[in-house]
2 protein chains.
Amino acid sequence: MATRTRRSQRRTEALSRERIVEAAIELLDAAGEGGLTFRALSERLATGPGAIYWHVENKGELLDAVTDAVVADAVAGGAVSGAAGAGEAGGEASEATGAVGALGAGGLPGAARDGIRAVALGLFDAIEEHPWLATQLATQLSRSPWGTVAPRLFESIGRQVRALGVPQDSWFTATSALMHYILGAAGQNAANSASSRALPPDVDRDQFLDTVSTAWEELDPDEYPFTRSLAPQLRGHDDREQFLAGITLILAGITVVHPPAG
Amino acid sequence: MATRTRRSQRRTEALSRERIVEAAIELLDAAGEGGLTFRALSERLATGPGAIYWHVENKGELLDAVTDAVVADAVAGGAVSGAAGAGEAGGEASEATGAVGALGAGGLPGAARDGIRAVALGLFDAIEEHPWLATQLATQLSRSPWGTVAPRLFESIGRQVRALGVPQDSWFTATSALMHYILGAAGQNAANSASSRALPPDVDRDQFLDTVSTAWEELDPDEYPFTRSLAPQLRGHDDREQFLAGITLILAGITVVHPPAG
DNA sequence: ACCTGAACACCGTTCAAGT
DNA sequence: ACCTGAACACCGTTCAAGT
């Protein structure tokens, strides 16, 4: 949320790493991965391409910084205020499990479950707002799990896993499963919001799902019987609801396979 | 497996889409994502850069074709012969759940579970053999879920989900959860095998895990208490075992939340 | 200490010209 | 129908030179 501050750079303040990261996010949001260029960036910042290299090692490091900034924002918001930034798109899907207890009370499994949903939705929303984030996260996590992003995600998800009462020697497994699902599913869902952003969201969405659904229906019946049978289900579905249903699934698995030590 | 056929191109046969894809995979395997260049590719194929454009629309389409070819190979091998292409790296981790039933008998939940593990390991191995595949899959899935790769994955995973007896209206949720976990976890695990491939695999691995583990131990105790506590667990762990433990988790969740109808 | 901007090496892509 | 290879526009990065 603390992302969009300055509109069009007016070379008033000095260049800084923060301002560079901020401008880079704006470029990525506006024009996608291909939109981030040192030339475009320096133009936006009213400077030369070389100037950026004083504050940033290279493009890879810039992308790391940008990803880290957005993720930090997302998990912070999610952990504190619940489903932060959810906007009007949602719907109530958290009843899918039969919601247990209210948020705020510490230590109870129900609160932990809600906490996990909050973190998950925080990332879900961040990826929806910044569609380039999905690919960037995959790249960075598979390239350097020792970076700053992986610990951030592990920490925010893992604390809730711990609060769930999962025995310690299963923390890694449980946290990893949640993290991978969240990133993968959120990325998948970002596909449509990525295409066009200005149109009325529901029209756009339905059209998109209809296209995919139709494409699936036209697959070879011998090679893709299962996928074809999934097409109608795809047409009607609600992204958020599906996403949370997956979370519920994994939470149930965690509870069954790694019941609270007692 | 049907991947490495020709070693050094000898301009004997005519150019073809297949030979281009094949050479592209070799370049990606040898030098990573940055290694795939139309100039390097045309040199390897003993032709000019322009020639490639007769068979392939552009670089994006080439990457799609390459990804599709490798995935097709992976899921085909996984579905037919179990953990195909596992090589000598593995270890027996499938006992983690207490293996149920033998592969080959159709329709039983135990066989379906083994089938899912086989598909999962097929993708796991493919990503380990071609580390660039993880990022490429994330990119492609989040960009075009109507492409050829998504249906391929859905189909091979979903058939096993159906065989598990999951009721139809939960197929999408269950299959998605498995798919996202598989891709995410396999990608994460590819990080180390990506770094250096020629060295003795175990030495390399231990060194890598040690580095990450140490980095985690040095995190701020106030901000990252959970992640720090995970460090020792990281040091000893076995990639394959962890991966399969996650699969077990999700399978359990599926069975609990969506029990077989009837 | 921080910024400028020309220059370098390299990239994806195009296209007139060949066979 | 298929290939050649020079050319174009663009990119990340460097670095001598400025302040």
Side-chain angles (χ1 to χ4, degrees), chain A residues 6 8-68 132 135-136 139-140 143-144 147, chain B residues 6 8-68 132 135-136 139-140 143-144 147:
Chain A
R6 237 160 292 270
S8 59
Q9 215 59 47
R10 285 188 195 178
R11 57 197 150 123
T12 66
E13 302 168 46
L15 215 50
S16 73
R17 196 183 158 92
E18 277 160 28
R19 290 201 24 186
I20 292 171
V21 166
E22 189 186 329
I25 292 174
E26 288 173 17
L27 280 176
L28 285 165
D29 287 348
E33 328 227 8
L36 180 57
T37 286
F38 273 74
R39 279 171 180 83
L41 195 54
S42 59
E43 192 183 356
R44 195 184 195 88
L45 293 166
T47 180
I52 296 168
Y53 282 87
W54 184 261
H55 299 92
V56 154
E57 197 78 39
N58 51 38
K59 192 175 185 180
E61 205 222 5
L62 174 58
L63 280 170
D64 284 356
V66 153
T67 303
D68 187 58
W132 48 268
T135 301
Q136 211 44 240
T139 306
Q140 193 165 338
R143 194 187 44 196
S144 60
Chain B
R6 235 160 293 272
S8 59
Q9 216 57 48
R10 286 190 195 178
R11 60 201 148 122
T12 67
E13 302 167 46
L15 215 52
S16 72
R17 196 181 158 91
E18 277 160 29
R19 291 205 18 189
I20 291 171
V21 167
E22 189 186 330
I25 293 173
E26 288 173 16
L27 280 176
L28 285 165
D29 287 347
E33 328 228 7
L36 179 57
T37 286
F38 273 74
R39 281 171 178 83
L41 195 54
S42 59
E43 192 184 356
R44 195 182 194 89
L45 292 166
T47 180
I52 296 168
Y53 282 86
W54 184 262
H55 299 92
V56 154
E57 199 77 39
N58 51 39
K59 193 175 185 181
E61 206 223 3
L62 174 58
L63 280 170
D64 284 356
V66 153
T67 303
D68 187 59
W132 46 269
T135 301
Q136 210 44 239
T139 307
Q140 194 164 338
R143 193 187 46 198
S144 60

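Lettering follows sequence order; numbering is per chain, from 1.
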**Student:** What is the distance, to the nearest angstrom, from the CZ atom on A/Arg17 to the P atom on C/dC2?
**Tutor:**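 Those two atoms, CZ and P, are 14 Å apart.
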
**Student:** Which heavy atom in B/Leu63 sits nearest to a heavy atom in B/Gln140, and how many Å separate them?
**Tutor:**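 Scanning both residues, the minimum pair turns out to be O-OE1, 4.3 Å.
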
**Student:** Please write out the pairs of protein N or O atoms and N or O atoms of nucleotides 12-15 of chain D separated by less than 3.5 Å, giving the distance to one decimal.
**Tutor:**
residue	atom	partner	partner atom	Å
D/dG12	OP1	A/Lys59	NZ	2.6
D/dG12	OP2	A/Phe38	N	3.1
D/dG12	N7	A/Arg39	NH1	2.8
D/dG12	O6	A/Arg39	NH2	2.7
D/dT13	OP2	A/Tyr53	OH	2.9
D/dT13	OP2	A/Lys59	N	2.9
D/dT13	O5'	A/Tyr53	OH	3.0

**Student:** If I compare all heavy atoms of A/Arg19 with all of A/Ala14, which pair ends up nearest, and what's the gap?
**Tutor:** NH1-O, 3.7 Å

**Student:** Using whole Å, what does the distance between atom C1' of nucleotide C/dG18 and atom CH2 of B/Trp54 come to?
**Tutor:** 14 Å

**Student:** Verify side chain to side chain contact (heavy atoms under 4.5 Å, CB included) between B/Asn58 and B/Glu61, making sure each step is shown before the conclusion.
**Tutor:** CA-CA 5 Å; B/Asn58 51 39; B/Glu61 206 223 3; 3.6 Å; yes

**Student:** How many whole angstroms separate atom NE2 of A/His55 from atom P of C/dA1?
**Tutor:** 13 Å

**Student:** Return the value, rounded to whole Å, for the distance between atom CD of B/Glu43 and atom C1' of D/dG5.
**Tutor:** 14 Å

**Student:** Grab the two heavy atoms, one from A/Ala65 and one from A/Arg17, that are nearest each other, plus how far apart they are.
**Tutor:** CB-NH2, 3.6 Å

**Student:** How long is the span from the CH2 atom in B/Trp132 to the OG1 atom in B/Thr67, to the nearest 0.5 Å?
**Tutor:** 5.5 Å

**Student:** Cut-off 3.5 Å, no hydrogens considered: what does the side-chain donor-acceptor table look like for residues 30-42 of chain B, sequence neighbours left out?
**Tutor:**
residue	atom	partner	partner atom	Å
B/Ser42	OG	B/Phe38	O	2.9
B/Ser42	OG	B/Arg39	O	2.9

**Student:** State, with a plain yes or no, whether a side-chain heavy atom of A/Asp64 is found less than 4.5 Å away from one of A/Glu57.
**Tutor:**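 A side-chain contact is absent here, since even the closest heavy-atom pair is not under 4.5 Å.
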
**Student:** Send over the distance from B/Ile52 CD1 to D/dC2 C1', rounded to a whole Å.
**Tutor:** 14 Å

**Student:** Take A/Trp54 and A/Leu15, measure what side chain to side chain contact (heavy atoms under 4.5 Å, CB included) needs, and give me the verdict at the end.
**Tutor:** CA-CA 10 Å; A/Trp54 184 261; A/Leu15 215 50; over 6 Å; no

**Student:** Quick one: stems involving DNA chain C, counted as three or more successive Watson-Crick or G-U pairs, both distances short of 3.5 Å.
**Tutor:** C:4-8 with D:12-16, C:12-16 with D:4-8

